[in-house]
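What's counted below: heavy atoms across the whole structure, side chains too, no hydrogens, waters or symmetry copies.
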Amino acid sequence: MFLNIITNVQESKLEDSSYLYILVTIGLAIGYLLVRPAVKWFITNRVFDLLSYIMVSLILCIMLSASYFMLGLSPELFRLFLKVILQLLAYFGAGLVIWNLIRVLFIKHS
């Protein structure tokens, strides 16, 4: 459904961007409602490592997107950066999970 709306807006080449503002606002509201309980859970259970990882990931993605649009990176270079950033975020996240599991195991067994 979301892709159909985007395709229709793109094909119509509307100069009026109010549809996009409405669509993005709805997306932000839905995203906020979906993410808020998770953030509350992270804070309640004191999972600050994971919350910090998520924030760093968001900042990196925003910086990459901003550099693409503001500096005019080529699409090939953007895809390369995106691939590298997503892979490294996955590796780093897996490392954090393993590190915290090891830490929990040794703390409980000590």
Side-chain angles (χ1 to χ4, degrees):
M1 180 176 141
F2 180 74
L3 291 175
N4 288 338
I5 294 171
I6 295 295
T7 304
N8 290 337
V9 169
Q10 187 176 7
E11 288 176 355
S12 66
K13 296 180 181 165
L14 295 174
E15 294 299 322
D16 181 24
S17 61
S18 60
Y19 293 113
L20 290 175
Y21 281 102
I22 292 169
L23 185 64
V24 170
T25 302
I26 291 170
L28 284 171
I30 291 171
Y32 174 79
L33 292 173
L34 291 174
V35 169
R36 188 170 180 201
V39 171
K40 281 185 176 182
W41 182 84
F42 289 147
I43 293 172
T44 302
N45 293 316
R46 304 181 62 90
V47 187
F48 296 117
D49 289 343
L50 185 57
L51 194 55
S52 298
Y53 167 74
I54 291 171
M55 291 304 298
V56 168
S57 301
L58 176 65
I59 290 169
L60 277 173
C61 290
I62 289 171
M63 288 174 50
L64 177 64
S65 298
S67 66
Y68 176 68
F69 291 112
M70 296 177 79
L71 301 176
L73 291 178
S74 69
E76 295 81 22
L77 189 57
F78 176 74
R79 278 192 289 270
L80 176 66
F81 279 144
L82 184 62
K83 177 184 173 185
V84 169
I85 286 174
L86 291 177
Q87 286 177 345
L88 289 176
L89 285 173
Y91 294 144
F92 189 72
L96 275 177
V97 168
I98 292 168
W99 171 253
N100 284 319
L101 284 174
I102 291 171
R103 201 170 66 179
V104 166
L105 289 174
F106 283 124
I107 289 173
K108 287 190 176 187
H109 291 318
S110 316

- Rounded to the nearest 0.5 Å, how far apart are CG of L28 and CG of L33? 11.0 Å

- Message: Going by side-chain hydrogen bond (donor to acceptor under 3.5 Å, both in side chains), name the pairs with one or both residues in residues 91-100, residues two or more places apart or in two chains.
- Response: N100-R103

- Is atom OH of Y53 surrounded by more than 12 heavy atoms (other residues, nucleotides or ligands) closer than 6.0 Å? yes

Is it possible for you to say whether [X] and [Y] belong to one hydrophobic cluster, with membership spreading through side-chain heavy-atom contacts below 4.5 Å?
X: M63; Y: L80; answer: no
X: F69; Y: L60; answer: yes
X: M55; Y: I43; answer: no
X: L58; Y: F92; answer: no

- Between the side chain of S65 and the main-chain N/O of I62, is any donor-acceptor distance below 3.5 Å? no

- Query: Under a single-linkage rule joining Ile, Leu, Val, Met, Phe, Trp and Tyr whose side-chain heavy atoms are separated by less than 4.5 Å, which residues share a cluster with V97?
  - Reply: L101

- Message: Is any side-chain heavy atom of Y68 closer than 4.5 Å to one of L82?
- Response: no

Anything under 3.5 Å between a donor and an acceptor, one on a side chain of residues 72-79, the other on a protein residue two or more places apart or in another chain? List them.
from : atom 1 : to  : atom 2 : distance (Å)
S74  : OG     : L77 : N      : 3.2

